[in-house]
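Input: a single structure, listed below in structure tokens.
What you are looking at is a predicted structure, and each value in this text was computed from that prediction instead of being measured. Reminder, nothing fancy here: chain letters follow the sequence lines and each chain counts from 1. Hydrogens, waters and symmetry mates play no part in the numbers below; they use all other heavy atoms, side chains included.
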Protein chains: 2
Amino acid sequence: MKIGDLSRLTGTRVETIRFYEKEGLIPAPSRTGGNYRVYDQAHLNRLSFIRRSRDLGFTLDQVRALLDLSDDHSRSCGAVDELAREQLRSVERKIEDLQALQRELASLLNQCSQGTIAECRIIEALAPG
Amino acid sequence: MKIGDLSRLTGTRVETIRFYEKEGLIPAPSRTGGNYRVYDQAHLNRLSFIRRSRDLGFTLDQVRALLDLSDDHSRSCGAVDELAREQLRSVERKIEDLQALQRELASLLNQCSQGTIAECRIIEALAPG
DNA sequence: CTTGACCCTATAGTGGCTTCAGGGTGCATA
DNA sequence: TATGCACCCTGAAGCCACTATAGGGTCAAG
Ligand SMILES: [Zn+2]
Ligand SMILES: [Zn+2]
Ligand SMILES: [Zn+2]
Ligand SMILES: [Zn+2]
């Protein structure tokens, strides 16, 4: 598999794959005579794992931790669950923050009567006083 | 007013105020003999406006646009409202994305039975197959 | 005269990539 | 055989919105 194939199979940009390699998230693959990277199934599995973790909102440091943990088959999964619980809490906090924003913006838009800037409730709400 | 006073009055870090000046969001203030920045009420108003806009989730480019618009008192506020509506839509999209994450994470945590990594549903969900 | 709170500039770092400059490889087609 | 074109390579810089660090200067109180 060349990097473009891996890219298509995982929906990851080629540059991002090279970036993950530089960051040590993916082991450096072997090369062809023309210096092209060659990947195998293990690389594909690892990149898929990374992408799914990122899609769930984990940071790259958390992904690193999850990858390490996933190798240690006989260990208890308490640490994994703790990471996931922490991530869930962080997502819930973000949702609450955004919902507060949503209410505020919606209320402002509701109050604006489409006149001039001078009487716009949105500008008024931003200006101090 | 010195920069520390402005900082306390607006809840903005001193470094951030200098950053806004460098970015052209706040006009460069006059200086004392000792080269300290001196601010007046107009600076305070402008910084407050910027901070409130940022708190509502607008980007610095959007803040720039809002500042420009807010100066043009006789213009219709359509452009302001459009920015706010766009921002509301973006917030709503983010909320939906995060709620999907929340459901997924909660479901995974629910399924994990606190055994070993080998049988952990969270790791399983991340691994490909 | 020293301490300590405050201020200054310039530069680099953060995360998670993306973009760019300037090339090389490899296969199909004219 | 030449040429085009898709693909690959490296290294460095850019993105956002700050934050931090190094290495100083200013100023009022004790
Ligand atoms: Zn309006
Ligand atoms: Zn910038
Ligand atoms: Zn588990
Ligand atoms: Zn970085």
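Applying the salt bridge (charged side-chain N to carboxylate O under 4.0 Å, His left out) test to R103(B) and every residue at least two apart in sequence or in another chain returns nothing. Annotation: salt bridge (charged side-chain N to carboxylate O under 4.0 Å, His left out) contacts of E124(B) (sequence neighbours excluded): R121(B). With sequence neighbours excluded, no residue forms a salt bridge (charged side-chain N to carboxylate O under 4.0 Å, His left out) with R46(B). Looking at residues two or more places apart in sequence or on another chain, you find no salt bridge (charged side-chain N to carboxylate O under 4.0 Å, His left out) involving E86(A).
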Under 4.0 Å protein heavy-atom contacts per nucleotide of nucleotides 25-30 of chain D, with B for base, S for backbone only and - for none: BBS---
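To the nearest 0.5 angstrom, L66(A) atom CG is 5.0 Å from L83(A) atom CG. Rounding to the nearest 0.5 Å places CG of D97(B) at 12.0 Å from NZ of K94(A). In this structure, CG on L56(A) lies 10.5 Å from CD on Q62(A), to the nearest 0.5 angstrom.
No side-chain donor-acceptor contact under 3.5 Å links Q102(B) to the backbone of V91(A). Within the 3.5 Å criterion, the main-chain N or O of I3(B) finds no donor-acceptor partner in the side chain of S7(B). Using a distance-only test at 3.5 Å, with no hydrogens or angles considered, no donor-acceptor pair links the side chain of R13(A) to the main chain of I17(A). Without hydrogens or angle criteria, E119(A) side chain to T116(A) main chain gives a donor-acceptor distance under 3.5 Å.
Applying a 4.0 Å cut-off to non-hydrogen atoms, none of the residues of residues 95-103 of chain B approaches DNA chain C. At a non-hydrogen distance threshold of 4.0 Å, nothing from residues 55-68 of chain B comes into contact with DNA chain C. Near DNA chain C, defined here as any heavy-atom distance below 4.0 Å, there are no residues from residues 2-11 of chain A.
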For nucleotides 18-20 of chain C, tabulate all protein N/O to nucleotide N/O atom pairs closer than 3.5 Å, reporting atom names and distance.
from	atom 1	to	atom 2	distance (Å)
dT18(C)	OP2	T16(A)	OG1	2.8

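Atom pair L25(B):CG and dC16(D):C1' shows a separation of 13 Å (rounding to whole Å applied). Following rounding to the nearest Å, I17(B) (CD1) and dC18(D) (P) show an atom-to-atom distance of 12 Å. One atom, CG of L47(A), and another, C1' of dC17(C), lie 14 Å apart when rounded to the nearest Å. Straight-line distance from the CD atom of E23(B) to the C1' atom of dT19(D): 14 Å, rounded to whole Å.
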Assess whether salt bridge (Lys or Arg N to Asp or Glu O under 4.0 Å) is satisfied between R89(A) and E96(A), documenting all intermediate values. CA-CA 11 Å; R89(A) 276 193 299 270; E96(A) 276 166 35; over 6 Å; no
Test side chain to side chain contact (heavy atoms under 4.5 Å, CB included) on L6(B) and R37(B); report intermediate values, then the result. CA-CA 10 Å; L6(B) 194 57; R37(B) 288 171 177 83; over 6 Å; no
Before you tell me yes or no, could you show the steps for R52(A) and D55(A) under salt bridge (Lys or Arg N to Asp or Glu O under 4.0 Å), namely the whole-Å CA-CA distance, both residues' side-chain angles and the distance that decides it to 0.1 Å? CA-CA 5 Å; R52(A) 290 188 207 204; D55(A) 285 349; over 6 Å; no
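An OP1 or OP2 oxygen of dA17(D) is reached within less than 4.0 angstrom by no side-chain nitrogen or oxygen of Y20(B). Distances shorter than 4.0 Å separate some side-chain N or O of R37(B) from OP1 or OP2 on dT9(C).
Rounded to 10°, the angle separating the first-five-pair axis and the last-five-pair axis of the helix from dC1(C)-dG30(D) to dA30(C)-dT1(D) equals 30°.
Ion pair D5(A)/R8(A) flagged as a salt bridge, since at least one NZ, NE, NH1 or NH2 atom sits closer than 4.0 Å to an Asp/Glu carboxylate oxygen.
The ring-ring contact (aromatic ring centres under 6.0 Å, His included) contacts involving residues 3-39 of chain A comprise Y39(A)-H43(A), where partners must be two or more places apart or lie in separate chains.
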Atom pairs and distances, side-chain donor-acceptor, residues 68-75 of chain A, under 3.5 Å, sequence neighbours left out:
from	atom 1	to	atom 2	distance (Å)
S70(A)	OG	L67(A)	O	2.9

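Inter-residue side-chain proximity for D40(B) and S30(B) is flagged as unmet; no heavy-atom pair is nearer than 4.5 Å.
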